[in-house]
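So you know, we letter chains A, B, ... as the sequences are listed, proteins then strands, and number each from 1.
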2 protein chains.
Amino acid sequence: MKILIVEDDLALSDVISFTLRRAGFDIITAHDGLAALTMWEQHLPDLVVLDLNLPKLDGLAVCKRIRAQADTPIIMLSVRSSDEAIVQGLELGADDYMVKPFSPSQLVARIRAVLRRVGATLTPSSELMVGTLQLDRSRNEAQCLGQAAIRLTPLEVRLLEALMLNAGQVLSTDGLIDTVWGVEGGDRTMLKQLVYRLRTKIEPDPTQPIYIETIPGVGYAFINAKSAKG
Amino acid sequence: MKILIVEDDLALSDVISFTLRRAGFDIITAHDGLAALTMWEQHLPDLVVLDLNLPKLDGLAVCKRIRAQADTPIIMLSVRSSDEAIVQGLELGADDYMVKPFSPSQLVARIRAVLRRVGATLTPSSELMVGTLQLDRSRNEAQCLGQAAIRLTPLEVRLLEALMLNAGQVLSTDGLIDTVWGVEGGDRTMLKQLVYRLRTKIEPDPTQPIYIETIPGVGYAFINAKSAKG
DNA sequence: GTTCCGTGTTACCATGTTGTTACCGCGCCA
DNA sequence: TGGCGCGGTAACAACATGGTAACACGGAAC
């Protein structure tokens with residue numbers, strides 16, 4: 001179980017590392033926001049302990065970037081104990097928020113609680129099936145009920161995954177851009193390109209999509225689900 | 001999204017209920033440990049907010065019993081702020097632990113964080129229904145009782161939303177202009193344009209509106225409601 | 001090096017959306 | 001009776017958006 005600790009106070013970082021190692025976790029560390037993102041991408045840890053007050057890139061920004069790409073559990077640390085700060089942190093996607101100073105043992109307990117919940121929930125399978133369409137994330141392939149598998153590019157997988165994970169819901173253009181390219185990444189032109197390319201691959205008739213619906217002025221939605229609205 | 005609140009302090013229980021209801025949750029309550037278990041079995045809520053200091057059956061015991069049967073998320077409340085207490089609570093299977101006193105808004109944020117992790121879709125329903133007309137804000141569509149959905153433009157959605165949210169009331173021309181275009185945005189000509197276009201889309205007979213009524217010299221009102229709001 | 005693939009860029013067209021102007025009819029009031 | 005303000009209707013221009021296509025670039029594979 002690998003944990004990334006992002007904390008610029010070296011002494012505190014050491015204390016946390018020590019405690020968590022003793023609790024049986026694999027620990028990697030970063031001391032500023034940019035390094036954190038690099039480490040995260042390279043190691044893909046199972047959980048991130050994230051200080052908010054960081055040099056180079058703010059902790060909230062780091063959280064946003066990680067959330068744009070993955071669902072890695074995040075526990076925030078901060079001296080800010082105000083309600084607004086905590087609510088903001090949680091709404092940005094954190095799983096827990098601890099106010100400094102805190103006791104290492106409580107951190108361990110909270111990490112375990114979050115990981116327990118993730119373990120109970122997360123499907124380790126790299127496959128995702130909605131309606132008649134199946135996406136295999138590890139092989140970069142989509143398959144349509146008995147038909148031959150279709151090879152997808154990494155970006156196409158990201159897009160299709162985002163849409164399928166939120167099947168039936170409308171995802172905004174900007175949100176999708178963030179999800180696929182990360183904040184500061186793409187633009188509308190590239191998104192429509194990507195949607196077009198994906199459609200030509202997976203739609204039987206791209207002019208009349210049965211999977212990816214356009215909601216003009218808003219975004220796109222994955223359909224073909226029995227959506228079970230009610 | 002149904003939440004069971006277990007809290008013996010009736011005043012606090014009411015405050016929490018009120019806040020969570022306002023946040024859009026379905027609330028059921030219990031005021032002692034045994035009642036909590038009964039309620040839990042009968043209603044199988046999506047999450048439990050559990051005070052630890054309870055009559056009849058201790059909160060920790062309640063937690064244990066629930067955990068023995070199911071994986072329902074649990075957020076513990078307690079005046080005990082010691083590390084041992086928190087660690088014990090989390091190790092017993094709680095997903096989060098909040099020390100009293102706490103702010104309602106933080107509780108809402110933490111509930112959302114846990115539910116998000118569990119994978120619950122808590123889309124606060126982007127739909128708005130008044131009388132026989134239904135507006136889907138996320139899809140920019142209006143639907144009239146069984147008939148096909150009608151695609152609306154963003155501005156039309158803004159206008160219709162304003163009218164429907166205040167169904168039965170008269171909204172002034174200037175107020176509507178502000179709502180739709182923002183201060184410094186539109187003029188009367190554009191509003192009447194927009195009303196006209198909206199009417200041609202949603203009214204069966206635009207010359208005799210059944211939804212959008214004109215109040216000359218004042219503004220517009222959404223009708224077709226059994227108004228009688230309770 | 002050459003080829004191929006994934007990606008980014010530019011361009012074009014059709015359509016949809018919004019802003020503008022104009023005209024009509026009606027009730028009001030001098 | 002004749003302006004005047006108001007609201008409904010219409011036509012049109014300006015602009016934004018989405019789909020399509022062709023091409024350029026860079027890195028990986030051969």
### Query
Are the side chains of A:V99 and A:I86 in touch, meaning some heavy atoms are under 4.5 Å apart?
yes
#### Entry: Minimum-distance pair of heavy atoms, taken over all atoms of A:L4 and A:A36
CD2-O, 3.7 Å
### Query
Can you list every pair that meets salt bridge (charged side-chain N to carboxylate O under 4.0 Å, His left out) and has a residue in residues 151-174 of chain B, with sequence neighbours left out?
B:R137-B:E161, B:E141-B:R151, B:E156-B:K201, B:D174-B:R188
### For A:Y97, all residues meeting ring-ring contact (aromatic ring centres under 6.0 Å, His included), sequence neighbours excluded
none
### Message
Around atom CZ of B:F102, are there more than 12 heavy atoms from other residues, nucleotides or ligands closer than 6.0 Å?
### Response
yes
### Query
Any side-chain heavy atom of A:L12 sitting closer than 4.5 Å to one from A:I16?
yes
### Summary
B:D174 CG to D:dG7 P, in whole Å, measures 11 Å
### Query
Side chains of B:Y220 and B:S172: do they bring a donor and an acceptor to under 3.5 Å?
no
### Message
Please list, in numerical order, the residues of residues 152-164 of chain A that have a heavy atom closer than 4.0 Å to any atom of DNA chain D.
### Response
none
### Query
Hey, does the side chain of B:D96 reach the backbone of B:I75 with a donor-acceptor pair shorter than 3.5 angstrom?
no
### Task
Provide the closest heavy-atom pair for A:D51 versus A:D8 in the form atom of the first, atom of the second, distance.
OD2-OD1, 3.2 Å
### Task
Identify whether any heavy atom of A:G217 sits under 4.0 Å from a base atom; if not, whether one sits that close to sugar-phosphate; answer base, sugar-phosphate or nothing.
sugar-phosphate
### Query
Given side chains that start at C-beta, do those of A:L135 and A:L152 come closer than 4.5 Å, heavy atoms only?
yes
### Query
Would the number of heavy atoms belonging to other residues, nucleotides or ligands and lying under 6.0 Å from NZ of B:K2 be above 12?
yes
### Query
Heavy-atom distance under 4.5 Å between the side chains of B:D46 and B:F25, does that happen here?
no
### Range on DNA chain C touched by chain A, heavy atoms, distance below 4.0 Å
C:dG6 to C:dT10
### Task
Give the rounded distance in Å between these two atoms: CE of B:M190 and P of D:dG7.
16 Å
### Query
Once you round it to whole Å, what is the distance between P of D:dG18 and CG of A:L176?
12 Å
### Task
Mind listing the residues from residues 192-212 of chain A sitting with a heavy atom below 4.0 Å of DNA chain C? Number order is fine.
A:Q193, A:R197
Give me the distances for all protein-to-nucleotides 25-30 of chain D N/O pairs that come in under 3.5 Å?
none

### Message
I'd like to check B:I150 versus B:Q143 (side-chain heavy atoms, cut-off strictly below 4.5 Å). Are they in contact?
### Response
no
### Query
Taking OP1 and OP2 of D:dT17, is either one under 4.0 Å from a side-chain nitrogen or oxygen of A:Y220?
no
